[in-house]
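Everything on this sheet refers to the single structure shown next.
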Amino acid sequence: MAVALHDGRDRLSLQLRAAGLGRRDNVIVHAAGGRMPESSAVALIEAMSLCIGRSGTIVVPGFSSDALMPPELSRHDAAARAAAETQIAGFDPDRSPADLAGTLGEAFRGLPGVERSSHPIFSLLARGPKAEHITERHPRDWALGIDGPMGRLAALPRVKVVRIGGAPWLDCPVMVTAESMARHRRLAVVRFKDRATGRWIHARDIAVDREGIYECVGTAMSRARFVKRGLLGRTIVEIAPLDEMLGFAAPRIAQLVAGFGNARSAGGAAG
């Protein structure tokens, strides 16, 4: 579904206020991929800035593929992969595009005053009085866990999540943070290139949600009382406190992860 934001900054700001965003709020935005025109992305950012005022900070994913091996090369032989690895420059916080974060991330990255964290894949972009605090240190392990920028954001007062255009829960950084807090979680090793040394790094992180757990939990969460809904242009917007979302999602993700684990174990035993 395309994100349709044809109204101007002032109109979008009024709609955001009606949906629950207010002065002094801090915001993390989850928008629907690359299906937003750049002019709409800039208007949205300006509208949020107008809505929260100078004391609020906006956070947007700045995820980048610059340090990753292109997935299509996984089918090539070892020699071809080794040759390709030498051509991958690695992540540069000043220059690497936010190509995994859609139009909104790339539009936000180019604005004055935006700070960017240093994770080679899962960087976060922030603008506002808390931007440097949020982005100052980004561990390579558990990139969206509570020991990094997402944890520092969550510790701030009045933090709200703005979900626009039915953005897929699969891509929502808040869900990854919730799973990192959960009692049961799915683990993976992420491999990326370090620009400074040219070496390939292996980091521990949450595995990709191939089971559809985030969609299941997110759909239930959208019906929770703490989630407010409204219109943004002709697009649905959902706004909710970050702490409420994490408190809702973490135990439910843990329960489903444990259930999938038991199902796999039972299937293996039966085989």
Side-chain angles (χ1 to χ4, degrees), residues 3 12-13 16 19-33 36 41-64 91 93-94 96-139 142-165 167-169 171-178 180-181 232 237-246 249:
V3 176
L12 292 173
S13 180
L16 285 166
L21 199 62
R23 306 289 288 183
R24 301 186 303 279
D25 282 346
N26 299 292
V27 181
I28 180 166
V29 188
H30 179 44
M36 181 188 299
V42 173
L44 172 61
I45 294 162
E46 291 177 346
M48 285 189 292
S49 297
L50 184 64
C51 192
I52 67 178
R54 294 184 178 180
S55 59
T57 297
I58 299 173
V59 176
V60 176
F63 301 168
S64 176
F91 174 73
D94 295 323
S96 289
D99 59 323
L100 299 181
T103 309
L104 182 66
E106 186 60 9
F108 189 62
R109 183 180 74 87
L111 295 179
V114 172
E115 303 286 341
R116 191 178 198 176
S117 67
S118 61
H119 195 278
I121 307 170
F122 301 112
S123 67
L124 292 181
L125 303 160
R127 187 175 73 170
K130 296 297 184 182
E132 287 191 26
H133 169 69
I134 292 168
T135 60
E136 66 183 351
R137 180 182 56 83
H138 202 150
W142 317 117
L144 298 175
I146 57 173
D147 292 329
M150 285 296 292
R152 290 192 291 277
L153 174 65
L156 297 178
R158 301 175 62 95
V159 182
K160 292 180 179 174
V161 180
V162 176
R163 178 174 176 250
I164 301 167
W169 290 108
D171 303 329
C172 183
V174 174
M175 303 300 274
V176 183
T177 305
S180 77
M181 300 166 58
L232 196 58
V237 61
E238 295 178 342
I239 299 179
L242 175 59
D243 58 351
E244 297 258 25
M245 289 183 70
L246 293 174

One should read off an interatomic distance between Asn26 CG and Leu156 CG, to the nearest 0.5 angstrom, of 5.0 Å
For Gly145 and Met150, the nearest pair of non-hydrogen atoms, with its separation, is O-CB, 4.0 Å
Student check: side-chain heavy atoms of Val159 and Asp243 closer than 4.5 Å: no
Within-4.5 Å side-chain heavy-atom neighbours: Ile164 and Leu232
yes
Exercise for the section: Could you tell me whether the side chain of Ile52 reaches within less than 4.5 Å of the side chain of Leu16, counting heavy atoms only? Expected result: no
(Q) Determine whether Leu44 and Leu104 satisfy the following criterion, side chain to side chain contact (heavy atoms under 4.5 Å, CB included), listing intermediate values before the conclusion. (A) CA-CA 9 Å; Leu44 172 61; Leu104 182 66; 4.1 Å; yes
- Task: Look at atom CD of Glu136 and say whether more than 12 heavy atoms of other residues, nucleotides or ligands are closer to it than 6.0 Å.
- Result: yes
For Val59 and Ala126 the tightest heavy-atom approach is CG2-CB, 4.0 Å
CE (Met245) and NE2 (His30) are apart, to the nearest 0.5 Å, by 8.5 Å
- Task: Before giving the answer on side chain to side chain contact (heavy atoms under 4.5 Å, CB included), spell out for Trp142 and Asp147 the whole-Å C-alpha distance, their side-chain angles and the decisive distance to 0.1 Å.
- Result: CA-CA 8 Å; Trp142 317 117; Asp147 292 329; 5.9 Å; no
**Message:** Less than 4.5 Å apart, side chain to side chain, heavy atoms only: is that true for Val27 and Thr57?
**Reply:** no
Contacts satisfying salt bridge (Lys or Arg N to Asp or Glu O under 4.0 Å) that involve residues 100-123 (not counting sequence neighbours) are Glu106-Arg109
Taken to the nearest 0.5 Å, the spacing of Trp169 CH2 from Arg163 CZ works out to 4.5 Å
Scanning both residues in full, the closest heavy-atom pair of Pro173 with Ile28 reads CG-CD1, 4.2 Å
Looking only at heavy atoms, the pair that brings Gly56 and Pro129 closest together is O-CD, 3.4 Å
Checklist entry - Between Arg127 and Ser49, do the side chains contain an N or O donor and an N or O acceptor separated by less than 3.5 Å? => result yes
message: Are the side chains of Phe122 and Val176 in contact, using a 4.5 Å heavy-atom criterion?
response: no
Residue pairs meeting salt bridge (Lys or Arg N to Asp or Glu O under 4.0 Å), one or both in residues 150-159, sequence neighbours left out, come to Asp25-Arg158
d(Leu125 CG, Ser117 OG) to nearest 0.5 Å is 7.5 Å
Tell me, do Phe91 and Ile121 make a side-chain contact under 4.5 Å, heavy atoms counted? no
Here the pair of heavy atoms bringing Leu12 nearest to Ala47 is CB-CB, 3.6 Å
Is the shortest side-chain heavy-atom distance between Ile58 and Val29 below 4.5 Å?
yes
Residues passing the side chain to side chain donor-acceptor pair (under 3.5 Å) test with Ser13, sequence neighbours excluded, are Arg17
Cys51 and Arg23 have their tightest heavy-atom pair at O-CD, 3.4 Å
Parallel, tilted or perpendicular: which describes the rings of His138 and His119, with under 30° parallel and over 60° perpendicular?
-> tilted
**Prompt:** Please walk me through it: do Thr177 and Ile146 pass side chain to side chain contact (heavy atoms under 4.5 Å, CB included)?
**Reply:** CA-CA 7 Å; Thr177 305; Ile146 57 173; 4.2 Å; yes
May I ask you to test the Asp99-Ser64 pair for a side-chain heavy-atom distance under 4.5 Å? yes
